[in-house]
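Worksheet: one structure, shown below.
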Amino acid sequence: MASPFRVEGVRVEREGRAILDVDSLTLPEGVVAIIGPSGAGKSTMLRLLNRLIVPEKGRVFYRDEDLSQMDPRDLRRRVGMVFQVPIMFEGTVLDNISYGPRLAGVNVDDPEGILRLVSLPEDHLGRDASKLSVGEQQRVAIARALANSPEVLLMDEPTSALDPGSTRRVEQMIKKIGKRVTVILVSHDLKQAEEVATHCVVMECGLVTRQGSAEEAVKGLSWT
Ligand SMILES: Nc1ncnc2c1ncn2[C@@H]1O[C@H](COP(=O)(O)OP(=O)(O)OP(=O)(O)O)[C@@H](O)[C@H]1O
Ligand SMILES: [Mg+2]
(Lines give C-alpha, C1' and ligand atoms only; values in the text may rest on other atoms or scores of the structure.)
(Ligands and ions follow the chains in the order given, each with its own letter.)
Protein backbone atom coordinates (compact mmCIF):
# COMPACT_ATOMS: atom_id res chain seq x y z
CA MET A 1 0.00 0.00 0.00
CA ALA A 2 1.13 3.57 -0.66
CA SER A 3 2.91 5.26 2.23
CA PRO A 4 0.54 7.23 4.48
CA PHE A 5 2.43 10.50 4.04
CA ARG A 6 5.08 11.93 1.77
CA VAL A 7 6.36 15.48 2.20
CA GLU A 8 8.28 17.00 -0.71
CA GLY A 9 10.18 20.28 -0.73
CA VAL A 10 7.94 21.85 1.90
CA ARG A 11 8.71 25.18 3.48
CA VAL A 12 6.43 26.91 5.98
CA GLU A 13 7.29 30.50 6.86
CA ARG A 14 6.03 32.64 9.71
CA GLU A 15 7.14 36.19 10.44
CA GLY A 16 9.81 36.04 7.77
CA ARG A 17 11.51 32.83 8.92
CA ALA A 18 11.16 29.18 8.00
CA ILE A 19 9.57 27.24 10.86
CA LEU A 20 9.49 24.06 8.76
CA ASP A 21 11.87 23.18 5.95
CA VAL A 22 11.63 19.58 4.76
CA ASP A 23 13.28 18.46 1.56
CA SER A 24 11.90 14.93 1.44
CA LEU A 25 10.21 12.81 4.08
CA THR A 26 8.26 9.56 3.77
CA LEU A 27 6.43 8.26 6.80
CA PRO A 28 5.83 4.50 7.05
CA GLU A 29 2.85 2.61 8.52
CA GLY A 30 2.96 1.70 12.20
CA VAL A 31 3.54 3.99 15.14
CA VAL A 32 5.73 6.87 14.01
CA ALA A 33 7.08 9.16 16.73
CA ILE A 34 8.06 12.72 15.84
CA ILE A 35 10.37 13.87 18.56
CA GLY A 36 12.37 17.00 19.20
CA PRO A 37 12.79 19.88 21.63
CA SER A 38 10.23 22.62 22.20
CA GLY A 39 9.90 24.86 19.14
CA ALA A 40 11.37 22.25 16.76
CA GLY A 41 8.31 22.31 14.49
CA LYS A 42 6.59 19.10 15.63
CA SER A 43 3.08 20.57 15.94
CA THR A 44 3.63 22.44 12.67
CA MET A 45 4.40 19.11 10.98
CA LEU A 46 1.18 17.50 12.30
CA ARG A 47 -0.88 20.50 11.18
CA LEU A 48 0.68 20.22 7.76
CA LEU A 49 -0.35 16.54 7.52
CA ASN A 50 -3.96 17.42 8.35
CA ARG A 51 -4.01 20.41 5.98
CA LEU A 52 -4.53 22.85 8.82
CA ILE A 53 -1.44 24.52 7.38
CA VAL A 54 -0.99 24.96 3.65
CA PRO A 55 2.71 25.30 2.81
CA GLU A 56 4.08 28.28 0.89
CA LYS A 57 6.23 25.87 -1.07
CA GLY A 58 6.18 22.13 -1.77
CA ARG A 59 3.62 19.36 -1.63
CA VAL A 60 2.25 16.81 0.82
CA PHE A 61 0.79 13.49 -0.30
CA TYR A 62 -1.58 11.21 1.59
CA ARG A 63 -1.43 7.73 0.06
CA ASP A 64 -0.21 9.27 -3.20
CA GLU A 65 -2.99 11.88 -3.30
CA ASP A 66 -1.93 15.53 -3.23
CA LEU A 67 -3.43 17.01 -0.05
CA SER A 68 -4.18 20.29 -1.78
CA GLN A 69 -6.50 18.42 -4.17
CA MET A 70 -8.41 16.56 -1.43
CA ASP A 71 -11.64 17.65 0.23
CA PRO A 72 -10.47 18.79 3.71
CA ARG A 73 -13.51 17.23 5.43
CA ASP A 74 -12.91 13.88 3.74
CA LEU A 75 -9.21 14.08 4.63
CA ARG A 76 -9.95 14.87 8.28
CA ARG A 77 -12.43 11.99 8.54
CA ARG A 78 -9.71 9.64 7.35
CA VAL A 79 -6.89 11.35 9.23
CA GLY A 80 -7.92 12.10 12.82
CA MET A 81 -6.15 14.65 14.99
CA VAL A 82 -5.68 14.93 18.73
CA PHE A 83 -4.45 18.43 19.54
CA GLN A 84 -1.77 19.32 22.08
CA VAL A 85 -4.31 21.29 24.16
CA PRO A 86 -7.69 19.52 24.28
CA ILE A 87 -10.69 21.53 23.13
CA MET A 88 -14.04 20.10 24.20
CA PHE A 89 -17.23 20.65 22.24
CA GLU A 90 -20.25 21.81 24.23
CA GLY A 91 -22.19 19.04 25.99
CA THR A 92 -21.43 15.67 27.53
CA VAL A 93 -18.57 13.28 26.90
CA LEU A 94 -21.00 11.18 24.83
CA ASP A 95 -21.92 14.28 22.77
CA ASN A 96 -18.21 14.79 22.11
CA ILE A 97 -17.63 11.18 21.12
CA SER A 98 -20.75 11.08 18.92
CA TYR A 99 -19.89 14.30 17.11
CA GLY A 100 -17.97 12.86 14.15
CA PRO A 101 -20.24 9.85 13.53
CA ARG A 102 -23.30 12.16 13.77
CA LEU A 103 -21.83 14.43 11.08
CA ALA A 104 -21.44 11.32 8.93
CA GLY A 105 -25.10 10.41 9.68
CA VAL A 106 -24.38 7.35 11.84
CA ASN A 107 -24.52 6.43 15.52
CA VAL A 108 -21.30 6.01 17.43
CA ASP A 109 -20.39 2.35 17.73
CA ASP A 110 -19.74 1.15 21.32
CA PRO A 111 -18.98 4.44 23.17
CA GLU A 112 -18.37 2.51 26.42
CA GLY A 113 -15.71 0.39 24.69
CA ILE A 114 -14.03 3.50 23.28
CA LEU A 115 -13.91 5.05 26.77
CA ARG A 116 -12.40 1.85 28.15
CA LEU A 117 -9.69 2.04 25.49
CA VAL A 118 -8.63 5.46 26.80
CA SER A 119 -8.92 4.37 30.46
CA LEU A 120 -11.94 6.46 31.38
CA PRO A 121 -14.82 4.94 33.37
CA GLU A 122 -18.12 4.41 31.53
CA ASP A 123 -19.97 6.72 33.92
CA HIS A 124 -18.05 9.63 32.37
CA LEU A 125 -20.24 9.40 29.26
CA GLY A 126 -22.94 11.59 30.82
CA ARG A 127 -20.59 14.15 32.35
CA ASP A 128 -20.22 17.73 31.13
CA ALA A 129 -16.99 17.61 29.08
CA SER A 130 -16.06 21.20 29.95
CA LYS A 131 -15.92 20.30 33.65
CA LEU A 132 -13.41 17.46 33.32
CA SER A 133 -9.76 17.79 34.26
CA VAL A 134 -7.32 18.50 31.42
CA GLY A 135 -6.00 14.93 31.64
CA GLU A 136 -9.55 13.56 31.31
CA GLN A 137 -10.26 15.94 28.43
CA GLN A 138 -7.08 14.75 26.72
CA ARG A 139 -8.45 11.20 26.84
CA VAL A 140 -11.91 12.32 25.63
CA ALA A 141 -10.15 14.01 22.71
CA ILE A 142 -8.45 10.69 21.85
CA ALA A 143 -11.79 8.85 22.21
CA ARG A 144 -13.49 11.42 19.95
CA ALA A 145 -10.86 10.89 17.27
CA LEU A 146 -11.11 7.07 17.57
CA ALA A 147 -14.93 7.20 17.23
CA ASN A 148 -14.48 8.25 13.59
CA SER A 149 -12.55 5.02 12.86
CA PRO A 150 -9.73 6.96 11.19
CA GLU A 151 -7.13 5.36 8.91
CA VAL A 152 -4.42 7.47 10.54
CA LEU A 153 -4.36 9.13 13.94
CA LEU A 154 -2.21 12.23 14.47
CA MET A 155 -1.54 12.77 18.18
CA ASP A 156 0.18 15.86 19.53
CA GLU A 157 1.71 15.08 22.94
CA PRO A 158 -1.38 13.14 24.05
CA THR A 159 0.03 12.31 27.47
CA SER A 160 1.37 15.73 28.44
CA ALA A 161 -1.30 16.27 31.13
CA LEU A 162 -1.53 12.69 32.39
CA ASP A 163 -0.17 11.10 35.56
CA PRO A 164 2.37 8.26 35.14
CA GLY A 165 -0.28 5.53 35.44
CA SER A 166 -2.59 7.05 32.81
CA THR A 167 0.41 7.78 30.60
CA ARG A 168 1.42 4.09 30.66
CA ARG A 169 -2.17 3.05 29.86
CA VAL A 170 -2.44 5.50 26.92
CA GLU A 171 0.96 4.27 25.66
CA GLN A 172 -0.33 0.67 25.75
CA MET A 173 -3.45 1.81 23.90
CA ILE A 174 -1.31 3.50 21.22
CA LYS A 175 0.69 0.29 20.75
CA LYS A 176 -2.54 -1.69 20.48
CA ILE A 177 -4.32 0.59 17.97
CA GLY A 178 -1.02 1.07 16.12
CA LYS A 179 -1.32 -2.53 14.93
CA ARG A 180 -4.32 -1.64 12.74
CA VAL A 181 -4.17 2.17 12.35
CA THR A 182 -1.13 4.28 11.55
CA VAL A 183 -0.39 6.55 14.50
CA ILE A 184 1.82 9.61 14.16
CA LEU A 185 2.71 10.62 17.67
CA VAL A 186 4.42 13.87 18.61
CA SER A 187 6.39 13.57 21.81
CA HIS A 188 9.33 15.20 23.50
CA ASP A 189 9.76 12.12 25.65
CA LEU A 190 12.51 9.88 24.27
CA LYS A 191 11.52 7.00 26.55
CA GLN A 192 7.94 7.17 25.27
CA ALA A 193 9.20 7.08 21.68
CA GLU A 194 11.37 4.05 22.42
CA GLU A 195 8.46 2.34 24.18
CA VAL A 196 5.75 2.80 21.54
CA ALA A 197 7.24 3.75 18.17
CA THR A 198 8.13 1.46 15.30
CA HIS A 199 9.79 4.39 13.47
CA CYS A 200 11.13 7.66 14.76
CA VAL A 201 11.65 11.08 13.12
CA VAL A 202 13.82 13.62 14.92
CA MET A 203 13.17 17.33 14.35
CA GLU A 204 15.29 20.29 15.37
CA CYS A 205 14.89 23.94 14.34
CA GLY A 206 12.26 23.14 11.69
CA LEU A 207 14.40 20.45 10.07
CA VAL A 208 14.22 16.65 10.07
CA THR A 209 17.68 15.84 11.37
CA ARG A 210 17.46 12.04 11.46
CA GLN A 211 15.10 9.12 11.34
CA GLY A 212 15.10 5.37 11.74
CA SER A 213 14.09 2.76 14.27
CA ALA A 214 13.27 4.40 17.59
CA GLU A 215 16.37 2.85 19.14
CA GLU A 216 18.69 4.20 16.42
CA ALA A 217 17.09 7.61 16.15
CA VAL A 218 17.20 8.50 19.84
CA LYS A 219 20.80 7.30 20.37
CA GLY A 220 22.86 10.17 21.74
CA LEU A 221 19.94 12.60 21.92
CA SER A 222 19.60 14.35 25.26
CA TRP A 223 17.28 17.33 25.36
CA THR A 224 14.99 15.81 27.99
N1 LIG B 1 1.63 31.34 13.73
C2 LIG B 1 2.93 31.46 14.07
N3 LIG B 1 3.56 32.65 13.99
C4 LIG B 1 4.87 32.76 14.33
N5 LIG B 1 5.64 31.74 14.74
C6 LIG B 1 5.06 30.55 14.81
C7 LIG B 1 3.69 30.33 14.48
N8 LIG B 1 3.40 29.03 14.67
C9 LIG B 1 4.55 28.45 15.09
N10 LIG B 1 5.53 29.36 15.18
C11 LIG B 1 6.92 29.08 15.61
O12 LIG B 1 7.38 27.94 14.93
C13 LIG B 1 8.23 27.15 15.75
C14 LIG B 1 7.72 25.74 15.77
O15 LIG B 1 6.48 25.70 16.48
P16 LIG B 1 5.77 24.33 16.85
O17 LIG B 1 4.53 24.68 17.60
O18 LIG B 1 5.63 23.52 15.62
O19 LIG B 1 6.86 23.67 17.81
P20 LIG B 1 6.81 22.32 18.64
O21 LIG B 1 7.98 21.49 18.22
O22 LIG B 1 5.48 21.70 18.52
O23 LIG B 1 7.07 22.82 20.14
P24 LIG B 1 6.44 22.30 21.55
O25 LIG B 1 7.20 21.05 21.91
O26 LIG B 1 6.76 23.43 22.50
O27 LIG B 1 4.98 22.08 21.38
C28 LIG B 1 8.26 27.84 17.11
O29 LIG B 1 9.44 28.60 17.19
C30 LIG B 1 7.03 28.74 17.09
O31 LIG B 1 7.24 29.89 17.85
MG1 LIG C 1 3.91 21.39 19.86
Side-chain angles (χ1 to χ4, degrees), residues 4-27 31-60 62 67-68 72 75-76 79-88 133-135 137-142 144-145 150 152-164 166-167 170-171 174 178 182-197 199-212 214 217-224:
F5 286 104
R6 198 152 46 84
V7 177
E8 281 183 5
V10 160
R11 192 177 161 89
V12 177
E13 289 182 8
R14 293 288 180 272
E15 297 171 352
R17 72 183 180 99
I19 61 167
L20 193 71
D21 196 347
V22 178
D23 190 30
S24 172
L25 176 69
T26 301
L27 299 178
V31 178
V32 179
I34 299 178
I35 61 173
S38 186
K42 306 180 299 294
S43 295
T44 305
M45 177 72 89
L46 276 202
R47 287 171 181 276
L48 181 80
L49 301 181
N50 211 20
R51 215 180 122 172
L52 291 167
I53 289 178
V54 177
E56 279 78 24
K57 196 172 152 270
R59 293 201 292 174
V60 183
Y62 176 62
L67 241 61
S68 67
L75 173 73
R76 288 177 199 144
V79 179
M81 175 90 154
V82 177
F83 290 93
Q84 191 164 6
V85 177
I87 299 162
M88 293 291 97
S133 74
V134 176
Q137 290 186 349
Q138 218 164 27
R139 282 173 284 168
V140 172
I142 298 171
R144 190 172 61 198
V152 176
L153 192 54
L154 309 175
M155 305 178 100
D156 199 347
E157 309 216 19
T159 59
S160 58
L162 303 186
D163 59 49
S166 303
T167 296
V170 168
E171 286 171 351
I174 291 171
T182 294
V183 177
I184 301 177
L185 167 76
V186 164
S187 179
H188 59 258
D189 181 345
L190 301 182
K191 283 209 171 63
Q192 181 168 79
E194 280 186 297
E195 170 64 23
V196 304
H199 187 83
C200 202
V201 173
V202 179
M203 292 191 67
E204 290 162 280
C205 304
L207 306 171
V208 172
T209 52
R210 60 167 111 166
Q211 61 171 310
V218 304
K219 222 175 267 168
L221 295 177
S222 60
W223 59 77
T224 50

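Excluded from the calculations below are hydrogen atoms, water molecules and symmetry mates; all remaining heavy atoms, backbone and side chain alike, are included. We count ligands from 1, going down the list as the structure has it; atoms in each ligand are counted the same way. One-based numbering along the sequence shown.
- Look at G36 and you'll find every heavy atom at least 4.0 Å from all atoms of ligand 1.
- The minimum heavy-atom distance linking V183 with I174 is given by the pair CG1-CG2, 4.0 Å.
- With R210 contributing its side chain and A217 its backbone, the two residues share a donor-acceptor pair below 3.5 Å.
- For the residue pair S160 / Q138, a side-chain donor-acceptor distance below 3.5 Å is found, with atom types taken as modelled.
- What sits closest to atom 17 (O) of ligand 1 on the protein, heavy atoms only, is S43 CB, 3.7 Å.
- Atom 26 (O) of ligand 1 has its closest protein heavy atom at S38 OG, 2.5 Å.
- Ligand-side atoms of ligand 1 in range of E15: 4 (C), range being under 4.0 angstrom from any heavy atom.
- The side chain of R17, and not its backbone, has at least one atom closer than 4.0 Å to an atom of ligand 1 (non-hydrogen atoms only; side chain from C-beta on).
- Using a distance-only test at 3.5 Å, with no hydrogens or angles considered, a donor-acceptor pair links the side chain of R76 to the main chain of R51.
- Ranking protein heavy atoms by distance to atom 25 (O) of ligand 1, first place goes to K42 NZ, 2.7 Å.
- Judged by distance alone, the side chain of K42 and the main-chain N or O of M203 form no donor-acceptor pair under 3.5 Å.
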TODO: Check step by step if side chain to side chain contact (heavy atoms under 4.5 Å, CB included) holds for M45 and I184.
DONE: CA-CA 10 Å; M45 177 72 89; I184 301 177; over 6 Å; no
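- Atom 14 (C) of ligand 1 has its closest protein heavy atom at G39 O, 3.4 Å.
- Atoms of ligand 1 lying under 4.0 Å from at least one heavy atom of R14, given by number and element, are 1 (N), 2 (C), 3 (N), 4 (C), 5 (N), 7 (C).
- Of the inter-residue distances, the one linking L67 atom CG with L49 atom CG reads 7.5 Å to the nearest 0.5 angstrom.
- The Mg ion (ligand 2) has an N, O or S atom of S43 inside 2.8 Å of it.
- Less than 4.0 angstrom separates some heavy atom of E157 from each of these atoms of ligand 1: 25 (O).
- The distance criterion of under 3.5 Å between nitrogen or oxygen atoms is not met by I19 with respect to ligand 1.
- Neither the backbone nor the side chain of M203 has a heavy atom within less than 4.0 Å of ligand 1.
- Pairing each heavy atom of A197 with each of A214, the nearest pair is O-CB, 3.9 Å.
- Taking the charged nitrogens against the carboxylate oxygens, E56 and R14 do have a contact shorter than 4.0 Å, which makes a salt bridge.
- For a distance bound of 2.8 Å, the N, O or S atoms of S38 include none lying that close to the Mg ion (ligand 2).
- Separation of atoms CG (D156) and OG (S187) is listed at 10.0 Å; rounding is to 0.5 Å.
- Listed by atom number, the atoms of ligand 1 under 4.0 Å from Q84 heavy atoms are 27 (O).
- Closest to atom 18 (O) of ligand 1 among all protein heavy atoms lies T44 OG1, 2.5 Å.
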